[in-house]
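Quick notes on the structure that follows.
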Amino acid sequence: MRIGLLTEGGYPYATGESRLWCDRLVRGLTAHEFDLYALSRSARQEDGGWVELPPHVRRVRTAPLWAPEDDGHTYGRRERRHFAGHFRALSTGMCAEGDDEEAADLFAEGLHGLAELARERGGLYAALRSEVAVRTLESACRAPGARRGAAAATVPDHLAVVDRLERALRPLSLDWYDEDGLGAVDLCHAASGGSAALSGLLAKRFFGTPLLVTEYGVHLRAHYLAATEAPDSDPVRALLAAFHGRLAGEVYRQAALLTPGNTHARRWQERCGADRGKLRTVYPGMESERFTEVGEDEESGDPATLVWVGRVEPAKDLIALLHAFAEVRKAQPDVRLRIIAAPVRESGAEAYLAHCRALAAQLFPDEASGAHEVGENPVAFEEIGGPEAPTLAEAYAAGAVVVLSSVVEGFPISLVEAMFCARATVSTDVGAVVEVIGGTGLVVPPRNPRALADACLALLRDPERRYRLGAAARARALELFTVEQNLAAFRGIYLELLSHTPVRRRAAEGVPFAHPAEAYVPGIWADQPVSAAAGAAAGSGDADA
C-alpha cells in the first residue's frame, strides 16, 4: 500500500511536532511505501534538516507556510469573478453565527471552489491578498446574522485576517494534486488537523483518496491556546477562531476515520461535529526499552526526593509546585525537590525559569546558596543531559515520587515515561491525565498547592503504597502506550480503510485497476509484467471452472 503522510511543522524535519511518532510509524510499517508531504513553519526548521529516512519512503515533497509564495500569477476578469464568488461563500460561512449546517456547507463550498480555481488557473496568493478579498470579507462581517466579533472588525482587522487566511490556505495552491502526486497514493494520513489535513481534503475531492486524520493534540484547541498569547485584536481572534472551527468541522466531516490520541482529544472532536462512528482512539506509541532497567527493585530511587520532569513554561505551573513543596518541607524537612528541565525551551522559558529560581530562594531563604545544586538546597534546578541527570531514565530514577503540576496538558508524555519507570505519581487533573493514570497514581485539582502537598506527603510516608502504585502504573503503560500497540492499530486501520475504498481505474497506463493486488505480493511474483500476471490469473480461473 502507498501511504501519503501529511504533516505540518514536524516530520521529516529534525525539529517540530509529531516527528517522533511519525518516524516510529514509518519505520515500523515496512510493508508499506510512504510518500511524505510536509509543510514547514519556519526557515529555522528547514535549516535544521531532516531526520534520516528509511528506504521505503519513496518521495518527500515540502512547502513553506511561513514565507511569501507569490507565483506571479494574476487573474483576469473572469477568474477574478469566480474567485470573488468562492471567497464570498467561504467568508459568509466563516462569519455566520453558531454551528448551523447551512453555514458549514457554504464554507465548504467556498473552500473547495477556491481549490478548483487554484488547480485550474494557478495560485491564489495575489487574489487572497487583493482588495477584492478585503472588501468581500468586510461585507461578510457586516452581513445580517454575522457573529458579534466579526461585526466589530475594522479595516486593519480585515487586512490582518486576510493575511492569515492566505497563509492558512496556501496548501490549496500547491502542485501536489496530480496523478504523480497525491493522486498516486492509496490513502492520505494527516498527522494533524488544520493545514496538513487540508491537503488530504483536496486529495479526496480530486481523486477519491480516503483520508485518515490523527490528532494527538487537537489542532483547534492548540489554536485557541495560542490565540490567548497573540497580540491580535478581539475581532481578529474571533474571525480566525471561526475559520479554524469551520475548517476542523469540514475535515472531520470528510475524513473516513479519525484517530484521537485520547478521550480528551476525542471529546474536542465530537464538540466540533465529528461523527462518533468515525472516531477510534489510538494511544501514542512510546519507546519503553530505555526505561526497562528503572524501577525493577522495590528500593530504587531516593525515598525522600520528589522529581518533576518536562518543559519549563507557565502552563506547567511550577509556581504552584514550589508553594506545595514549601508545605511538604514543613511537614517533612528532609524532603528534596529536583526540577529537571528539557534542554530545548520555548521562547520566554528563560524568564519563567528565572522567576521560579527567585521564588525558590524566597521560599527557602535560610537554605538558599544561590547555586541551586543537589545537596546544597532543597530545590534543585537541573537539565537533562547534565551531570546529575544525563538521561531521561536517570532523571525519573532520582526520586521515589514523580510530580506533574500542569494547568494545561494534552497527552502527558512525562507521566507515561514515569509509569514505564514504575514510579508512583502525583498529578493535576488536566487534559488526559486521569485517562492515562487509570487509578495507578494520585490526582488532585490544578492550582491547589495544598492538595498537591498532601498527596505528595501521603506517598512519601507510605513506601509499600508507592511500590504498589508504581508496579501497577508500569503494567498499564506497557499494555497501552508502547510503539507496538500503536503500530498494530494503524496496520489494521490502513487495511480496513483500503478494503472499503472503491477501486480506481487508470486506463492510460494499460492497467485495468489502479491498485492491482499482485503489485503487493513479495518476491518474484511482484516482478512479473502486469499482462503476464493477469494472463496467469485468467488461466487459473478457466482451470477452476
Side-chain angles (χ1 to χ4, degrees), residues 2-10 18 35-39 61-63 65 83 86-87 89-91 93-94 101 103-120 123-124 128 164-179 181-215 218-220 222-223 240 242-260 269 272-275 278-279 493-494 497-498 500-502 504:
R2 193 169 182 179
I3 310 298
L5 186 60
L6 314 174
T7 68
E8 178 191 350
S18 303
D35 290 354
L36 304 184
Y37 291 83
L39 300 168
R61 298 180 73 172
T62 64
L65 286 179
F83 167 79
H86 298 320
F87 192 69
L90 181 138
S91 300
M94 178 180 79
E101 189 173 334
D105 289 341
L106 195 59
F107 176 87
E109 177 189 327
L111 180 69
H112 293 297
L114 290 173
E116 295 277 3
L117 181 63
R119 190 182 185 209
E120 293 173 7
L124 296 168
L128 284 169
R164 304 279 271 281
L165 289 182
E166 185 278 320
R167 292 175 183 271
L169 294 173
R170 195 164 290 171
L172 301 185
S173 301
L174 298 176
D175 60 354
W176 295 353
Y177 315 109
D178 54 37
E179 290 292 346
L182 285 171
V185 304
D186 300 306
L187 169 70
C188 282
H189 185 176
S192 68
S195 295
L198 186 51
S199 295
L201 272 184
L202 301 193
K204 179 181 179 182
R205 182 173 183 85
F206 297 143
F207 310 109
T209 309
L211 172 61
L212 167 65
V213 179
T214 296
E215 288 190 301
V218 176
H219 185 273
L220 184 60
H223 170 79
L240 292 176
F243 169 79
H244 286 286
R246 294 287 190 221
L247 178 58
E250 178 63 7
V251 168
Y252 296 161
R253 181 166 64 169
Q254 297 296 337
L257 197 67
L258 302 166
T259 52
Q269 292 175 334
C272 294
D275 181 352
K278 293 182 178 181
L279 294 169
I493 286 170
Y494 285 178
L497 288 179
L498 192 63
H500 294 299
T501 303
R504 290 184 288 148

query: Which atom pair, heavy atoms only, marks the closest approach of Cys188 to Leu182?
result: SG-CD2, 3.9 Å

Distance in Å, Phe206 CZ paired with Asp178 CG, rounded so as to fall on 0.5 Å steps: 11.0 Å

- prompt: Do the non-hydrogen side-chain atoms of Leu111 and Leu247 ever get within less than 4.5 Å of each other?
  reply: yes

field: Heavy-atom closest contact (Leu65 atom, Pro171 atom, distance)
entry: CD2-CD, 4.2 Å

- prompt: Hey, does the side chain of Thr62 reach the backbone of Ala38 with a donor-acceptor pair shorter than 3.5 angstrom?
  reply: no

message: Just verifying a value: how many Å separate Arg205 CZ and Leu211 CG, rounded to the nearest 0.5 Å?
response: 14.5 Å

query: Looking at side-chain heavy atoms only, is the closest gap between Glu166 and Leu124 below 4.5 Å?
result: no

- request: Mind checking the CG-NE2 spacing from Leu114 to His86? Nearest 0.5 Å is all I need.
  value: 6.5 Å

query: Between Phe87 and Leu117, is any pair of side-chain heavy atoms under 4.5 Å apart?
result: no

query: Closest approach of Ser199 and Trp176, non-hydrogen atoms and distance?
result: OG-CZ3, 3.6 Å

statement: Heavy atoms of Leu198 and Ala168 approach each other most closely as CD2-O, 3.7 Å

field: Check: Asp186 side chain, Arg2 main-chain N or O, donor-acceptor pair, under 3.5 Å
entry: yes

message: Quick check: closest heavy atoms across Ala63 and Leu174, and the distance to 0.1 Å?
response: CB-CD2, 3.6 Å

- request: Compare all side-chain heavy atoms of Leu128 with those of Arg170 and state whether any distance is below 4.5 angstrom.
  value: no

field: Rounded distance (nearest 0.5 Å) linking atom CG of Leu6 with atom OG of Ser195
entry: 11.5 Å

query: Is there a side-chain contact between Val185 and Phe207, using heavy atoms and a 4.5 Å cut-off?
result: no

- request: Scan Leu257, Thr259, Leu201, Val251 and name whichever one has a side chain to side chain contact (heavy atoms under 4.5 Å, CB included) with Val213.
  value: Val251

- request: Determine whether Thr7 and Leu36 make a side-chain contact, defined as any pair of heavy atoms from C-beta on separated by less than 4.5 Å.
  value: no

- line: In terms of heavy-atom contacts, Ala256 and Leu497 come closest through CB-CD2, 3.9 Å

- request: Taking ring pair (Phe, Tyr, Trp, His ring centres under 6.0 Å) as the test, write out the residues that go with His112, two or more places apart.
  value: none

message: For the backbone of Gly93 and the side chain of Arg246, can you confirm whether one donor and one acceptor N or O come within less than 3.5 Å of each other?
response: yes

- prompt: Looking at Arg119 and Glu116, does any basic side-chain N land under 4.0 Å from a carboxylate oxygen?
  reply: no

task: Measure from the side-chain N and O atoms of Arg253 to the backbone N and O of Gly273, and report whether any donor-acceptor pair falls under 3.5 Å.
output: no

query: To the nearest 0.5 Å, what is the distance between NZ (Lys278) and CG (Leu258)?
result: 7.0 Å

message: Holding to ring pair (Phe, Tyr, Trp, His ring centres under 6.0 Å), I want the full list of residues that pass it with Tyr252, two or more places apart in sequence or in another chain.
response: none

query: Would a 4.5 Å heavy-atom cut-off, applied to side chains only, mark Tyr494 and Pro210 as touching?
result: no

query: With side chains defined as the heavy atoms from C-beta onward, is the minimum distance between Glu101 and Asp105 less than 4.5 Å?
result: yes

